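Heads up: the structure comes next, in structure tokens.
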Amino acid sequence: MHKKKYNFKGGIDYSSLKKEQSNETVKNFLSFPKKFIIFIKHSLLQKNQLRVRINQKVLRGQPLSFGSETIVPVHSPASGYIKNISFFSFSENKSNEYIKIVIISDGEDKWIKLHPIKNYKKHTPEKLIRIIHKSGIIGLGGGKFPSSQKLKLSINKVHTLVINAVESEPFVTSDDCLFNNYLNEILVGCKIISWISKIKLVLIVVQENKTEIISKISSLIHNQLLFKLCLISNKYPGGSSKILIKALTDKEIPYKKHAIDIGFLVFNVATVYSIKRAVFNGEPLTERIVTFLGDKNFFHGNFWVKIGTPISYFLMHFKIQAYSDINIYLGGMLMGNKVFDLNNSTLQGQNCIFITSNKLINKKYTEYACIRCGFCSKACPINLLPQQLYWYIQSKEHDQTNKHHILDCIECKVCEQLCPSNIPLVKYFKYEKKIQHNINIENNRRNLSLVRFEKKQKRLFFNKKIFSKDDLFLKSNPILRINDFNSKKIEKTLNSFEIEENKKNKRKEIIQQAINRMKLKNK
């Protein structure tokens, strides 16, 4: 076993609380609901048209939408029929419009015809990437980036695969559960990815307090040169690829770059498992392990959940009736997003449903003025200056927030946890990120307009040059430079134009002379 323990700057130690959840890695199965609800972003669907219609019968794993190079198809989680297809917007975010597909299950759970590949080494990386793309595999750690696109970008660019099994959110143990129950399949998934990207070293990163998993992995990868086990300190947050790469290699991912750009390919452990199932078993992504997390009043545990299972079904299954007295979050207790509509459902990138009572979560804290204590800067795991960013946001200095890398913030809320003034810093950062996004859109629009203007000027110059008689105008105008064009072609055109003009002038002169002669005769 590799005994070196890696650490990273900042963060919060939740080790004492995590021990209470160490026995939550047992897998459980949830019975199938009668109704599934799939949400697909409408903006994606414009490029990614639907493949089903209302009342059409579907099988489990049947694609509901077409994919494109950067968008993966979405698959039916069960066999049954399409009851309804409609537009939908969540009350908490009206700006994003979704296509809502309601599937009624027939209870038989029939799969489409699967095409498993037992010996992946007989197939080219390109073919395996196509299979992963058609299976709808995305980053299941929360990134949601298409895995096929990530693999395509990594070929001949990376040397190390990093398997991210670090669950930074306190109490979430879905990846822990996968490792405990499906370790052999995860290692096969690592080998498939290594074959595709020609990788010679796989780093499996787990938290130092996962003693049972560490022991299992060590015994299985013993004497395998491809694998190396790395232990990282048990702090929140440790699951970000930026933090992992920095902790393991002391290298920082450059601003606006990815881990692939410095030779590292990072995959979440659930994504690796799904890639194995897609290639080796031929199964599209239709289910995943989700951690149910509740306070003392509610249940908790890990369950296999089909994609599209409504939240209301979970509440009904676990006999939770007092909806008005609880808060539900998709995601962990720190980074999760509150759910207002119980028709919301679990999608591919969601690994946790957090339920808590209003009494515990609705504590109101008074927000005081920043006292520049600097606690937030010391705790920030990616070396940002939250306090300074807050001041720039308050004074609307958007250039400065951009220069101080506001877009690099991973919204872990560590700064908020330590702030003695109770300032909801991440709330301000999210707002500023939207402003930066709009500024980028406006800048791109301006750049596009400038390019169009320059092209228009060139076209005008070309026309003026052809029809102008005065070359001095063109030579004296620095904007309209002849070198900007195909000079030979223009010179040729201009010469022919001058010859034609001379001919016209000569004809005019001849006609004028004839007219003069006629006038003299008449006299």
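All of these numbers come straight from a predicted model, not from anything done at the bench.
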Think [X] forms a cation-pi with [Y], using NZ or CZ under 6.0 Å from the six-ring centre and within 45 degrees of its axis?
X: Lys216; Y: Phe179; answer: no
X: Lys191; Y: Trp195; answer: no
X: Lys150; Y: Phe267; answer: yes

Enclosure of [X] [atom1] (heavy-atom neighbours >12, cutoff 6.0 Å):
X: Lys118; atom1: NZ; answer: yes
X: Leu450; atom1: CG; answer: yes
X: His398; atom1: NE2; answer: yes
X: His437; atom1: NE2; answer: no
X: Lys134; atom1: NZ; answer: no

Once rounded to the nearest 0.5 Å, what's the spacing between atom [atom1] of [X] and atom [atom2] of [Y]?
X: Ile217; Y: Ile186; atom1: CD1; atom2: CD1; value: 8.0 Å
X: Glu287; Y: Thr346; atom1: CD; atom2: OG1; value: 11.0 Å
X: Leu229; Y: Ile213; atom1: CG; atom2: CD1; value: 10.5 Å
X: Arg446; Y: Ile441; atom1: CZ; atom2: CD1; value: 13.0 Å
X: Gln417; Y: Ile12; atom1: CD; atom2: CD1; value: 5.0 Å
X: Cys412; Y: Ile243; atom1: SG; atom2: CD1; value: 6.5 Å

Worked verdict on Ser76 versus Tyr81 for side-chain hydrogen bond (donor to acceptor under 3.5 Å, both in side chains): CA-CA 10 Å; Ser76 174; Tyr81 73 96; over 6 Å; no
For the backbone of [Y] and the side chain of [X], can you confirm whether one donor and one acceptor N or O come within less than 3.5 Å of each other?
X: His133; Y: Gly67; value: no
X: Thr286; Y: Gly61; value: no
X: Gln62; Y: Leu59; value: yes
X: Ser65; Y: Val74; value: yes
X: Ser135; Y: Ile131; value: yes
X: Asp261; Y: His258; value: yes
X: Glu169; Y: Met335; value: yes
X: Asn281; Y: Glu283; value: no
X: Gln207; Y: Leu231; value: no
X: Glu208; Y: Ile232; value: no

Electrostatic pair Glu126-Lys152, nearest N-O below 4.0 angstrom: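 Answer for the salt bridge query: no.
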Glu185/Arg277 salt bridge by N-O under 4.0 Å criterion: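 So Arg277 pairs with Glu185 through a salt bridge.
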Check: residues 101-116 side-chain donor-acceptor pairs under 3.5 Å, at least two apart:
unit_1: Ser105; atom_1: OG; unit_2: Gly107; atom_2: N; d: 3.0
unit_1: Asp106; atom_1: OD1; unit_2: Ser79; atom_2: OG; d: 2.7
unit_1: Asp106; atom_1: OD1; unit_2: Glu108; atom_2: N; d: 2.9
unit_1: Asp106; atom_1: OD2; unit_2: Ser79; atom_2: OG; d: 3.3
unit_1: Glu108; atom_1: OE1; unit_2: Lys110; atom_2: NZ; d: 3.3
unit_1: Asp109; atom_1: OD1; unit_2: Lys306; atom_2: NZ; d: 3.2
unit_1: Asp109; atom_1: OD2; unit_2: Arg60; atom_2: NH1; d: 3.0

Name of the residue among Asn351, Thr291, Asn268 meeting side-chain hydrogen bond (donor to acceptor under 3.5 Å, both in side chains) with Asp175: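 Option passing the side-chain hydrogen bond (donor to acceptor under 3.5 Å, both in side chains) with Asp175: Asn268.
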Contact between [X] and [Y] at the side-chain level, heavy atoms closer than 4.5 Å - yes or no?
X: Phe227; Y: Ile204; value: yes
X: Leu140; Y: Leu285; value: yes
X: Lys455; Y: Arg452; value: no
X: Ile328; Y: Phe354; value: no
X: Leu64; Y: Ile82; value: yes
X: Leu151; Y: Ile155; value: no
X: Leu201; Y: Lys228; value: yes
X: Ile132; Y: Ile196; value: yes

Smallest separation among heavy atoms of [X] and [Y], with atom names:
X: Val72; Y: Pro146; answer: CG1-CB, 3.8 Å
X: Val172; Y: Gly332; answer: CG2-CA, 4.3 Å
X: Ile410; Y: Ile382; answer: N-CD1, 4.0 Å
X: Ser197; Y: Val158; answer: CB-CG2, 4.2 Å
X: Ala259; Y: Ile245; answer: CB-CG1, 4.4 Å
X: Ile262; Y: Ile253; answer: CD1-CG1, 4.0 Å

CA sep, side-chain torsions, deciding dist, call: Lys338, Asn327, side chain to side chain contact (heavy atoms under 4.5 Å, CB included): CA-CA 7 Å; Lys338 190 174 180 180; Asn327 286 307; 2.9 Å; yes
Have [X] and [Y] got a donor and an acceptor in their side chains that come within less than 3.5 Å?
X: Lys198; Y: Asn156; value: no
X: Ser147; Y: Thr271; value: no
X: Ser86; Y: Tyr98; value: no
X: Asn164; Y: Ser241; value: no

Are the aromatic rings of [X] and [Y] close, with centres under 6.0 Å apart?
X: Phe88; Y: Phe39; value: yes
X: Tyr182; Y: Trp304; value: yes
X: Phe292; Y: Phe314; value: yes

Audit row: Ile439, Asn443, side chain to side chain contact (heavy atoms under 4.5 Å, CB included) steps and yes/no: CA-CA 6 Å; Ile439 289 173; Asn443 287 339; 3.5 Å; yes
side-chain hydrogen bond (donor to acceptor under 3.5 Å, both in side chains) between Gln436 and Thr401, intermediate numbers included: CA-CA 9 Å; Gln436 290 292 336; Thr401 57; 2.8 Å; yes
Val202 vs Ile193, side chain to side chain contact (heavy atoms under 4.5 Å, CB included): CA-CA, chis, key distance, verdict: CA-CA 10 Å; Val202 179; Ile193 295 171; over 6 Å; no
